[in-house]
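Okay, structure first, notes after.
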Protein chains: 2
Amino acid sequence: MKKLSIVDIANELKVSKTTVSFILNGRAKEKRIGEDLVERVTKYVEEVGYKPNSLAKSLRTGKSNTIGLMVEDISNPFFASIARLIEDRAYKNGYKIIYCSTDNDTQKTRELISMFRDRHVDGYIIAPPEGIEDDVEQLLKDGLPVVMFDRHLPKVNTDYVEIDNLFSTYNATRHLIQQGYKNIGFVTFASSQTQMLARMQGYKDALKESRFAPVVKEIVFNQDEEMIIKPMMAFFKKHQDLDAVVFGTNHVGTCGLKVFNTLGIKVPGDMAVISFDDYDVFKLYSPPVTAIAQPVEEIADNVITVLLKKLNTKGGSTASHSIILKTNLQIRGSSSGLKID
Amino acid sequence: MKKLSIVDIANELKVSKTTVSFILNGRAKEKRIGEDLVERVTKYVEEVGYKPNSLAKSLRTGKSNTIGLMVEDISNPFFASIARLIEDRAYKNGYKIIYCSTDNDTQKTRELISMFRDRHVDGYIIAPPEGIEDDVEQLLKDGLPVVMFDRHLPKVNTDYVEIDNLFSTYNATRHLIQQGYKNIGFVTFASSQTQMLARMQGYKDALKESRFAPVVKEIVFNQDEEMIIKPMMAFFKKHQDLDAVVFGTNHVGTCGLKVFNTLGIKVPGDMAVISFDDYDVFKLYSPPVTAIAQPVEEIADNVITVLLKKLNTKGGSTASHSIILKTNLQIRGSSSGLKID
DNA sequence: CAAATTAGCTTAATCGATTTATTTTTATAT
DNA sequence: ATATAAAAATAAATCGATTAAGCTAATTTG
């Protein structure tokens, strides 16, 4: 009951394994193998359910039909949705996914890249932490296709799919200003990743335009949610004058709502809120919370399209694409959204 | 600048590749290779950063150091958290993860199992849909370790890690009864998976005990959330007499809250709610929603522990474990939780 | 001191495919 | 009938590791 190999097939049919291989790889015509033989082999293979050993195949051809997907944290709803969509599209195109969560940890990520190389993944989809420029550069130099998303490495010239982060927070902040809010804070994770810097800048630009002073809190990420909530609580206690806040990520936003619940701060009565990313938590909050919705499907679609294109052009040197998608400000809780002093 | 192979190392050091291989696999002592040579090889390998080609290694040894993880849907927070925890533990033990979402689709799952076999994964972690008994049976027959979680296949004798589903809903329903609710509904996805049947049974048992009649709505799963919300809305419109409801999964629960929002039904004023799974949506709802919290970390821990144990005992035939963990009923919104007619 | 061990390495087979180079068979032209 | 070209299939090399079996020189044993 052992697994069948191509030799078994060849022996059984009394042909050479070369012939079987050619037929199975659709090169029968090209190698002018007789139609009757092709038929006979195909039928038998079908009958016994033979499937080539993909390890052996990969070893010989150098292709593994696998894509490495590196997200920040697969349990974060944003990355989980993206992963799901990418998974679907990848499978449909004959690729499997190996994934991992980087935790934005540079050292861990470098090890993971090395692991992926080791496994000979054909292409890389990465939401990169800082500090992996050299490793990515090396991948590119070795002709391996890399697509980044959510953020990019400014010093590395590769394809990436992002959203218009700066405009998103700029627009959200302006929305608050137009509603009459005057003390608008910005709470985010401490990070110098491109998307974070841009979100911060968008907020600051909007405030500057209206000559308001920025009030920013950058929280150091921690696995333990308590360590996020505590400093945030301190921040809001200290800045009692704030009447609105923009949260830089869904995670910060969710924690923020928890803080407000604990402190008895009413949203949006006492504090207007806009969070990055739009999820059930924000939709179902009462009244619902305004949020910056990322076009998750579009992001995933673009990422996989760009990667597949690279995988299919062996030459490699197609020019790099930078795709910037638009977000959608979901304005909610409008009834009480207008600030009335 | 090509990738180094063991032959390159051997040639460079003017020893045979066998020797190099033995040394790298820690069999130097056993194969009585001189200490100085061991040192020389180790040092050189370190220096040039040589890493064995894992495909070749897997082809030869039959081990791929990969675990296949099959969840229902990686974008569902329950599965995403589990996946994250399993990923961490697996990496720590030298295993990589290939994952996929089954969508509870039998045919798709069978193809995915075949894909995993193809890639020679060493072990399987599966949240199984119905109808894959034969495939799993075959895996077991071929000596491949399989651990199931969240549910199991009654006809297949393999390890699994679950929670006490029946007691969980029984307990939740009794809680509602004790609070004075008299018309308690149960809304869930239509499914005959073990965990779903048990959850339903727990609800029915509790009602029977108090001689109440069950009011059940089973919704056919659909990728499009609208197709879940619509029938649910019809159900609640039809059963205006309901004063409480138990939701069978987090997804149904979230949709339920959306329905109540739309219909203007106050929770828990007009309708007391208990949902399976405990997530931010329920915690942050105002007032927060009572939920049945699964011990996600414990589940993941047990799953990976059982699997690793199986992977490390080549003989295979360790007796199967069925691990049943306890859930935690997170009682919330107590202030308005007591039903006062 | 010859025979038997043992230490220290190497040769060659193997895993299961793909692919290049080559041979055998058949058909066509001269 | 024979040389030549085309068609059909195969042998053998290769990918990069692991490992069983084998060889040589040094050491031990009787």
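Chain identifiers are assigned alphabetically (A, B, ...) following the order of the sequence lines, protein sequences preceding nucleic acid strands; residue numbering begins at 1 within each chain.
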Does A:Y124 have any ring pair (Phe, Tyr, Trp, His ring centres under 6.0 Å) partners at least two apart in sequence or in another chain, and if so, which?
none

Just grab all the salt bridge (Lys or Arg N to Asp or Glu O under 4.0 Å) pairs involving residues 118-128 of chain A, residues at least two apart or on different chains.
A:K63-A:D122

A:S21, nearest nucleotide to its side chain (from C:dT19, C:dA17, D:dA17)
C:dT19

N or O in side chain of A:R32 less than 4.0 angstrom from D:dA7 OP1/OP2:
yes

Mind checking B:L37 for me? I need base, sugar-phosphate or nothing, with any heavy atom below 4.0 Å counting as a touch.
sugar-phosphate

Separation of C:dG8 C1' from B:E39 CD (nearest whole Å):
17 Å

For B:R117 and C:dG16, give me the distance from atom CZ to atom P, rounded to whole Å.
14 Å

Under the side-chain contact (heavy atoms from CB on, under 4.5 Å) criterion, do A:E162 and A:I323 qualify, and how do the steps go?
CA-CA 6 Å; A:E162 274 184 357; A:I323 299 178; over 6 Å; no

I need the full list of ring pair (Phe, Tyr, Trp, His ring centres under 6.0 Å) pairs touching residues 89-113 of chain B, with sequence neighbours left out, sorted by first then second residue.
A:Y99-B:Y99

Would you give me the side-chain donor-acceptor pairs under 3.5 Å for residues 30-48 of chain A, sequence neighbours excluded?
residue : atom : partner : partner atom : Å
A:E30   : OE1  : A:R27   : NE           : 3.4
A:E30   : OE2  : A:R27   : NH2          : 3.2
A:T42   : OG1  : A:V38   : O            : 2.4

Proximity to the side chain of B:F22 - top-ranked nucleotide from D:dT19, C:dT20, C:dT6:
D:dT19

Donor-acceptor pair, B:T158 side chain versus B:V147 backbone, under 3.5 Å?
no

Check whether any side-chain nitrogen or oxygen of B:R27 sits under 4.0 Å from OP1 or OP2 of D:dT19, and answer yes or no.
yes

Rounding to an integer number of Å, can you tell me how far B:L59 CG sits from C:dT18 P?
12 Å

For the pair B:S21 and B:I6, evaluate side-chain contact (heavy atoms from CB on, under 4.5 Å) and give the outcome as yes or no after the intermediate values.
CA-CA 8 Å; B:S21 176; B:I6 197 170; 3.8 Å; yes

Under a 4.0 Å heavy-atom cutoff, the residues of residues 5-19 of chain B touching DNA chain D are B:S5, B:I6, B:K17, B:T18

How many Å lie between NZ on A:K31 and P on D:dA6, as a whole number?
16 Å

Looking at B:H120, is its backbone amide N or carbonyl O close enough to the side chain of B:S64 to form a donor-acceptor pair, meaning the two atoms are under 3.5 Å apart?
yes

Roughly, in whole Å, what's the span from NZ in B:K51 to P in D:dA17?
12 Å

End axis versus end axis in the helix from C:dC1-D:dG30 to C:dT30-D:dA1, the angle rounded to 10°, five pairs used at each terminus:
70°

Among D:dT18, C:dA17, C:dC15, which is the nearest nucleotide to the side chain of B:N25?
D:dT18

Classify A:I33 by what it touches in the nucleic acid, base, sugar-phosphate, or nothing, heavy-atom distance under 4.0 Å.
sugar-phosphate

Please confirm whether the shortest side-chain N or O distance from A:Y50 to OP1 or OP2 of C:dA17 is below 4.0 Å.
yes

Tell me: CZ of B:R60 to C1' of D:dT18, nearest whole Å?
5 Å

Atom pair distance, as rounded to whole Å: CD1 in B:I23 and C1' in C:dG8:
11 Å

If only atom types and distance count, is the side chain of B:K108 paired as donor or acceptor with the main-chain N or O of B:S101 below 3.5 Å?
yes

Please state how far atom CD in A:E30 lies from atom P in C:dT19, giving the value in whole angstrom units.
10 Å

In sequence, state the C-alpha distance, the side-chain angles, and the governing distance for A:R84 and A:E297, and then conclude on salt bridge (Lys or Arg N to Asp or Glu O under 4.0 Å).
CA-CA 10 Å; A:R84 175 59 205 272; A:E297 285 179 32; over 6 Å; no

